[in-house]
Amino acid sequence: MDPFVEEILELVGTALRQAGAAELPEGLARMIERPPDPAMGDYAMPCFTLAKALRKPPPAISSELAAVIGERLTGSRLLSGVVAAGPYLNFRVNTAAMAGLTVPAILDGSYFGRNRERQGDDTTAEKVMVEYSQPNTHKAFHVGHMRNVALGDALVRILEYDGRQVVAANYIGDVGTHIARCLWYYENHREELPPQYHEPPGEEHPEERGEWLGMLYTAAVQKITGSEEQVRLHYDREVSRVLQALESREGEVFALWEQTRAWSLEAFGEIYRWLGARFDHVFYESDMDRLGRQMVDDGLAAGVFVHSQGAVGTDMEEHGLGFFLVLKGDGTTLYATKDLALARIKFEQFGIARSIYVVGAEQKLHFRQVFKSLELLGFSQATLCHHLAYGLVVLPEGKMSSRQGNTIPFSQLRREVNDYIETNYMSAHREAGIGEDDGLWSAEEIQETTRRIAVAGIRYGMVKQDPARQIVFNLEDWLVSEGDTGTYLCYAYTRIQSVLRQVQQARGAEPDPAAPLEALTHENERALISDLHDFNRVARRAAENLAPHLVANAVFQLCKSFSRAYATCPVLRAETEELMAARLALFAATGRLLLEGLRMLGIEPPERM
RNA sequence: GCGUCCGUAGCUCAGCAGGAUAGAGCAUCGGAUUUCUAAUCCGACGGUCGCAGGUUCGAGUCCUGCCGGACGCGCCA
């Protein structure tokens, strides 16, 4: 626990006993909060709930406690003041003590292990699987899918920071009607497209073939849905034949499926590389068919599933979940069938203690049905499955719709973001030097820096918001450096690195964990120290609530505090040697923590920009 | 029709298991640079927290109802 809170509780506890309270109220620790204005104090305890036990009005209690505690405070190393403010008891911490507890710990790395202590003893860390991304092959990967990757990957990193062992899993949708439609169009109708689209992109751009398939799929859907009913039924029968040919797992269509599937996977790989997303294991929908079918049979035997209107499913009305279909009338499996199988495989083959699904909110009912079915099938781990639902990504002009052609596919997104950064920022480095070395930047550095800033902008924009809400994607808003953006975070980091480099150059000084931190007395330094101290608490809460946006908010707060301190507290021109050393240590620690926080969001900042 | 989620400043969003004058960013207006990157910092302007009840010493936060929006509700994934 926070040592400051611990000491406050200790002091309040003994003071209360002195005041004649028979027993301490439950959850006193949770009552400790932060005052709205730092000028009031660093920690506050409201005295409302004590009123009943002591039978006195809250303001009287707080001033009484302040008097008693104030006397005992002289011996405290951590706290420097206590004052009653109406019904509140406000504590001020000894800034040097707080700095002493955080700055050296960050610099030597021990700060980052703190959240990992949760496991204790000899037991191995809790193993949890985070399934995310789940792209469909033969479909285009667009901005909407980026939110999933940003969220899932951040969650993986946050849970790891908090001491869990995490298996990052992908689940590729490589079977289903959409693929049959794509291949049906490929075989019979692609000549109807403009000539340049008749054949897939060549060897020089293999990663573009995935999007080309997606375009065929869109064209197929348009052709089918745009036809007269008779024609449409005919097309549907043709598509159905393709689907059955695919499920037979042999023949010409199957070979085509293998080839085109590989194209899509290659395209996805390129996207994950660019974003820096990690996967430890990849599941394929095409592997889940057999086990899913078997589970349906078992469920039928057990009476969990029943035949209904020619298909198989279960009425979950008594649980408020409607009807859940697990096998189609023609005997083929559904997404649902395969999800039953996948859930089982995850626990049985990976020995996980928890299974998290990062999937859009529109599938909430589906997952509740899946989890309930598993429970009814006697699968005890059903309660350890959790669906992290998130809202849609929309454009400023409204919902994305592939029919209106206003989705933003990955390749277009990357191009536009890169162009924006290059013309607005990077061009300066190409034409003239910046900062300490006046040389031009190499093409490689410009390219890599551009990529990092682009990824920071997109990832930060995607994770900074509460997952439950819709997100409005606006490229320019997400990249402008003024304000709450990934660019701003990167800029703060590069400024810190720049200070460190220059102090090293000018004075040969390295950040020293033993620096005299008591020299840090400026209010902006105080605020920064407080943010450093607070970070692990936020990280813990983010992990427990599966809420990456809390980390994002904390990182932004940290950058704001740093920027304020940077503007008011120079290092090289500090008044004294002690102050310089202290600020150097403080900024170095800030940079180190910022880097860690950015990495939790999947952002790798550039060293300069 | 039923269910789930959302509704906070002109715009985009925070608000931590109810607590002090509701916070940021953008936009608008004004200021700061011979000094570690101004991709920055400071200030001003801007809110009956969708509406109405209820619980509570205290409600943006919990409960109920209504209004508005999004999504879902058997052979897509």
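A note on names: the letters A, B, ... follow the listed sequences, proteins ahead of strands, and every chain is numbered from 1.
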### Query
Which nucleotide in the set B/C16, B/A77, B/C42 lies at the smallest distance from any side-chain heavy atom of A/Leu334?
B/A77
### Query
Can A/Arg526 and A/Asp42 be counted as an ion pair, charged N to O under 4.0 angstrom?
yes
### Task
Report yes if a donor N or O on one partner sits less than 3.5 Å from an acceptor N or O on the other, where the partners are the side chain of A/Asn90 and the base of B/A20; otherwise report no.
yes
### Summary
A/Arg495 meets the salt bridge (Lys or Arg N to Asp or Glu O under 4.0 Å) criterion, sequence neighbours left out, with none
### Distance under 6.0 Å and angle within 45° of ring axis: A/Arg608 vs A/Trp441
yes
#### Entry: Nearest-nucleotide pick for A/Asn545, side chain only, options being B/A17, B/U21, B/C5
B/A17
### Query
Got a sec, which pairs hit salt bridge (charged side-chain N to carboxylate O under 4.0 Å, His left out) with one end in residues 546-563 of chain A, sequence neighbours left out?
none
### Query
For residues 467-477 of chain A, which residue pairs qualify under salt bridge (charged side-chain N to carboxylate O under 4.0 Å, His left out), counting only residues two or more places apart or in two chains?
none
### Query
Is A/Phe556 stacked on the base of B/A24, meaning ring centres closer than 5.5 Å and planes within 30 degrees of each other?
no
### Query
Is any side-chain N or O of A/Ser308 under 3.5 Å from a base N or O of B/G74, one able to act as donor and the other as acceptor?
yes
### Task
Could you list the residues that satisfy side-chain contact (heavy atoms from CB on, under 4.5 Å) with A/Val394, not counting sequence neighbours?
A/Leu392, A/Lys399, A/Gln470, A/Val472
### Message
Below 4.0 angstrom, which residues in residues 133-141 of chain A have at least one non-hydrogen atom near RNA chain B?
### Response
A/Asn136
Residues 360-372 of chain A side chain polar contacts: donor-acceptor under 3.5 Å, at least two apart:
{"residue": "A/Gln363", "atom": "OE1", "partner": "A/Tyr335", "partner atom": "OH", "Å": "3.3"}
{"residue": "A/His366", "atom": "NE2", "partner": "A/Asp339", "partner atom": "OD2", "Å": "2.9"}
{"residue": "A/Gln369", "atom": "NE2", "partner": "A/Leu321", "partner atom": "O", "Å": "2.7"}
{"residue": "A/Gln369", "atom": "NE2", "partner": "A/Phe323", "partner atom": "O", "Å": "3.4"}

### Query
What nucleotide among B/G72, B/C57, B/A17 has an atom nearest to a side-chain atom of A/Phe48?
B/C57
### Message
For a stem of at least 3 consecutive Watson-Crick or G-U pairs with distances under 3.5 Å, i pairing with j, i+1 with j-1 and so on, which stems involve RNA chain B?
### Response
B:1-7 with B:67-73, B:10-13 with B:23-26, B:28-32 with B:40-44, B:50-54 with B:62-66
With 3.5 Å as the limit, what N/O pairs link the protein to nucleotides 10-15 of chain B?
{"residue": "B/C13", "atom": "OP1", "partner": "A/Gln470", "partner atom": "O", "Å": "3.3"}
{"residue": "B/C13", "atom": "O5'", "partner": "A/Gln465", "partner atom": "NE2", "Å": "3.4"}
{"residue": "B/A14", "atom": "OP1", "partner": "A/Asp466", "partner atom": "N", "Å": "2.8"}
{"residue": "B/A14", "atom": "OP2", "partner": "A/Arg469", "partner atom": "NH1", "Å": "3.1"}
{"residue": "B/A14", "atom": "O2'", "partner": "A/Asn553", "partner atom": "OD1", "Å": "3.3"}
{"residue": "B/G15", "atom": "OP1", "partner": "A/His549", "partner atom": "NE2", "Å": "3.4"}

### Query
Within 45 degrees of the axis of the six-membered ring of A/Phe587 and under 6.0 Å from its centre: does A/Arg592 put its NZ or CZ there?
no
### Query
So which pairs with a foot in residues 28-37 of chain A pass salt bridge (charged side-chain N to carboxylate O under 4.0 Å, His left out), sequence neighbours left out?
A/Arg34-A/Asp534
### Task
Give a yes or no on whether a donor-acceptor pair under 3.5 Å exists between the nucleobase atoms of B/G72, that is its base, and the side chain of A/Glu362.
no
### Task
Would you mind building the protein contact string for nucleotides 28-34 of chain B? One character per nucleotide, 5' to 3', B for base within reach (heavy atoms under 4.0 Å), S for sugar-phosphate only, - for untouched.
-------
### Task
Taking side-chain contact (heavy atoms from CB on, under 4.5 Å) as the test, write out the residues that go with A/Glu575, two or more places apart.
A/Leu579, A/Arg583
### Task
Could you pull out all residues at least two apart from A/Arg232 that satisfy salt bridge (Lys or Arg N to Asp or Glu O under 4.0 Å)?
none
